[in-house]
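A quick write-up on the structure given underneath.
All values below come from the heavy atoms of this structure, side chains included, with hydrogens, waters and symmetry mates left out.
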Amino acid sequence: MSRFERQIILNGFGIEGQQNLKKAKVLLIGAGGLGCPILLYLAAAGVGKIGIVDGDTVAISNLNRQVLYGENDLGKNKAETAARYFQGKYSDIKWEVFPEFISVENAQEMISGYDLVIDGSDNFPTRYLVNDACVLLGKPLVFGAIYQHEGQVSVFNLGENACNYRDLYPKMPTATEVPNCAETGVLGVLPGIIGNLMALEAIKVLSGFGKPLKNKVLFFNSIASQSYEVEITPNPESREDMPASLTSFEIMDYELACEGVKQLTWDEAMSKMGLDIAFVDVREPGELPPLECTGLMKIPLSTFPDKLDLLEDAEEILFFCQSGIRSQKAAQQLQRDYPEKRIYSIKGGINALKTNHS
């Protein structure tokens with residue numbers, strides 16, 4: 001008996017639907033809270049080739065929702081770890097691993113060879129980048145996101161008169177407008193629910209079974225266990241900020257366009273240590289772990305507006321916090337008052353430092 005027997009005998013799915021899945025090639029962006037359940041059910045359903053893109057490593061705070069990983073995986077790359085998990089379970093699936101973050105430099109090469117892209121990322125710059133690449137390359141895109149108790153799912157770029165992510169959110173919000181789960185928290189089951197809905201949409205698109213959420217967004221509220229759908233239509237104005245060609249896409253700076261502040265990694269920030277630069281911790285007193293280094297200034301965000309004069313003489317300034325959200329707020333505020341200064345936020349904050357340098 002085939003392990004796909006229960007799918008094949010399903011009315012309307014049949015052998016043709018299963019063969020379509022077997023021939024399909026799916027690229028997943030992000031192997032985190034959404035990506036883990038997506039991978040579990042795409043692999044179980046029999047998708048023939050799956051690519052995984054993620055440059056992040058497993059942290060202990062991931063384990064309440066990123067169900068492919070355990071304590072023995074701490075510090076390991078998520079894309080590589082996820083692929084190893086499945087290689088021992090299903091021998092009939094081809095895996096391609098990209099242990100790096102998607103960027104304008106590598107997006108075209110990554111996406112071109114796949115039939116469908118699934119965006120399981122957790123930040124706005126990546127969502128706009130992936131969307132624009134899929135539009136330019138003509139690839140359907142399954143989108144999902146969570147915030148506190150709510151999740152949303154849609155299918156973009158599918159067929160004629162299709163909407164894309166910019167039709168839903170024409171103007172790039174900043175990461176400071178909607179904090180990520182590191183700032184607001186998340187019940188681990190919510191990304192499991194939304195990830196499964198995303199996997200369902202992908203299976204419908206690939207197999208030809210059912211009606212995908214084309215030009216619709218499904219919203220789910222975990223507190224009330226309620227869902228509803230909203231129809232969206234193509235918005236010509238939303239195309240104004242989107243790159244018109246792959247050439248213009250490759251010179252876009254999505255982080256700068258979305259955040260308004262350039263972000264640096266800890267390695268990039270540390271390479272500037274000892275130079276004439278202000279290094280500013282905007283966490284509140286008592287937040288752990290403490291960080292001590294030469295030239296460090298501690299200006300809690302709650303007192304920041306009253307202490308801008310402390311940074312008046314600095315030409316180059318690096319901000320950091322616990323997860324990278326408050327540092328962006330401080331950087332944006334200072335940039336408005338001092339547009340001539342070189343101002344950066346350290347991506348991921350102390351949490352990223354603990355993960356990458358533990």
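- Side-chain contact, Ser121 with Asp119: a donor N or O sits under 3.5 Å from an acceptor N or O.
- Rounding to the nearest 0.5 angstrom, the gap separating the CG atom in Leu129 from the OG atom in Ser103 is 7.0 Å.
- A distance of 7.5 Å separates CG of Leu288 from CZ of Arg283, quoted to the nearest 0.5 Å.
- The salt bridge (charged side-chain N to carboxylate O under 4.0 Å, His left out) test with Asp167 is passed by exactly one of Lys216, Lys214, Arg239: Arg239.
- Summarising the geometry, atom CD1 belonging to Ile50 is positioned 5.0 Å from atom CD1 belonging to Ile93; distances are rounded to the nearest 0.5 Å.
- Between the side chains of Glu96 and Tyr114, at least one donor N or O sits under 3.5 Å from an acceptor N or O.
- Screening Ile111, Val142, Asn157 for a side-chain contact (heavy atoms from CB on, under 4.5 Å) with Leu116, the sole residue that qualifies is Val142.
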Which donor-acceptor pairs under 3.5 Å do the side chains of residues 230-237 make with protein atoms, sequence neighbours left out?
residue	atom	partner	partner atom	Å
Asn235	OD1	Glu237	N	3.1

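- Through chains of ILVMFWY side-chain contacts below 4.5 Å, Ile8 is grouped with Phe4, Ile15.
- Put simply, CZ on Phe320 and CH2 on Trp266 are 5.0 Å apart, with the number rounded to the nearest 0.5 Å.
- Checking side-chain atoms of Asp73 against main-chain N and O of Lys76 turns up no donor-acceptor pair under 3.5 Å.
- Heavy-atom minimum distance, Ala83 versus Val97: CB-CG2, 3.4 Å.
- Ion pairing of Lys49 with Asp115 is absent here, as no side-chain N (NZ or NE/NH1/NH2) approaches a carboxylate O to less than 4.0 Å.
- Remark: the backbone N or O of Asn123 is not paired with any side-chain donor or acceptor of Thr126 at under 3.5 angstrom.
- Note on residues 299-309: no pairs pass salt bridge (charged side-chain N to carboxylate O under 4.0 Å, His left out), not counting sequence neighbours.
- Comment: Lys171 engages Asp241 in a salt bridge, judged by a side-chain N to carboxylate O separation of less than 4.0 angstrom.
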Enumerate, atom names and distances included, each donor-acceptor pair closer than 3.5 Å involving a side-chain atom of residues 336-344, sequence neighbours excluded.
residue	atom	partner	partner atom	Å
Lys341	NZ	Leu311	O	3.4
Lys341	NZ	Glu312	O	2.7
Lys341	NZ	Ala314	O	2.5
Arg342	NH2	Glu316	OE1	3.3

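- Ile350 and Leu301 fall into different hydrophobic clusters, where Ile, Leu, Val, Met, Phe, Trp and Tyr side chains are chained together by heavy-atom contacts under 4.5 Å.
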Report task. Under the salt bridge (Lys or Arg N to Asp or Glu O under 4.0 Å) rule, what do Glu287 and Lys298 come out as? Steps first, then yes or no, please. Result -> CA-CA 12 Å; Glu287 289 193 56; Lys298 297 185 179 182; over 6 Å; no

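- When ring centroids are compared, Tyr165 and Phe124 stay outside the 6.0 Å threshold.
- Note that the CG atom of Asn221 and the OG atom of Ser227 stand 10.0 Å from one another [nearest 0.5 Å].
- Cluster annotation: Val280 and Leu296 are assigned to distinct hydrophobic clusters (Ile/Leu/Val/Met/Phe/Trp/Tyr, side-chain heavy-atom contacts under 4.5 Å, transitive).
- The hydrophobic cluster containing Val135 also includes Met242, under a criterion of side-chain heavy atoms closer than 4.5 Å among ILVMFWY residues, counted directly or through chains of members.
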Query raised in the report: Checking side chain to side chain contact (heavy atoms under 4.5 Å, CB included) for the pair Asp122/Tyr147: CA distance, chi angles, key distance, verdict?
Result: CA-CA 10 Å; Asp122 63 356; Tyr147 174 61; over 6 Å; no

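- Listed by first and then second residue, the ring pair (Phe, Tyr, Trp, His ring centres under 6.0 Å) pairs involving residues 45-90 are Phe86-Trp95 (not counting sequence neighbours).
- Put simply, Ile346 and Val282 are part of two different groups of oily side chains (I, L, V, M, F, W, Y) that touch within less than 4.5 Å, one to the next.
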In residues 188-203, what donor-acceptor pairs under 3.5 Å come from side-chain atoms, sequence neighbours left out?
residue	atom	partner	partner atom	Å
Asn196	ND2	Gly192	O	2.7
Glu201	OE1	Leu213	N	2.7
Glu201	OE2	Lys204	NZ	2.8

Could you pull out every donor-acceptor pair under 3.5 Å between side chains of residues 19-36 and any protein atom, sequence neighbours left out?
residue	atom	partner	partner atom	Å
Asn20	ND2	Glu16	O	3.3
Asn20	ND2	Ser207	O	3.1
Lys22	NZ	Asp92	O	3.0

Query raised in the report: Does the side chain to side chain contact (heavy atoms under 4.5 Å, CB included) test come out yes or no for Val58 and Leu63, once each step is laid out?
Result: CA-CA 8 Å; Val58 179; Leu63 302 187; 4.0 Å; yes

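- Between Gly159 and Ala162 the shortest heavy-atom distance is O-CB, 3.5 Å.
- Formation of a donor-acceptor pair under 3.5 Å by the Glu284 side chain with backbone atoms of Ser302 is found in this model.
- A salt bridge links Lys78 with Asp56; the closest basic N to acidic carboxylate O contact falls under 4.0 Å.
- With sequence neighbours left out, the ring-ring contact (aromatic ring centres under 6.0 Å, His included) criterion links Phe101 to no other residue.
- In terms of modelled atom types and a separation under 3.5 Å, the side chain of Asp54 and the main chain of Ala79 share no donor-acceptor contact.
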Requested in this report: Might you work through the side chain to side chain contact (heavy atoms under 4.5 Å, CB included) test for Leu218 and Gln152, ending with a clear yes or no?
Outcome: CA-CA 5 Å; Leu218 183 147; Gln152 49 191 264; over 6 Å; no

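- For residues 16-66, no pair satisfies ring pair (Phe, Tyr, Trp, His ring centres under 6.0 Å), with sequence neighbours left out.
- At a cut-off of 3.5 Å, with distance as the only test, no side-chain donor of Glu150 or Ser222 sits close to an acceptor on the other residue.
- With sequence neighbours left out, Phe156 forms a ring-ring contact (aromatic ring centres under 6.0 Å, His included) with Phe143.
- A side-chain donor-acceptor contact under 3.5 Å links Gln7 to the backbone of Ala45.
- Distance CG/Asn77 to CD/Glu100: 9.5 Å, rounded to 0.5 Å.
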Query raised in the report: For Leu39 and Ile52, what are the C-alpha separation, side-chain angles and deciding distance, and is it a side chain to side chain contact (heavy atoms under 4.5 Å, CB included)?
Result: CA-CA 9 Å; Leu39 289 171; Ile52 312 174; 3.9 Å; yes

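- For the ring pair (Phe, Tyr, Trp, His ring centres under 6.0 Å) condition, the pairs that include at least one residue of residues 200-222, sequence neighbours left out, are Phe13-Phe209, Phe219-Tyr228.
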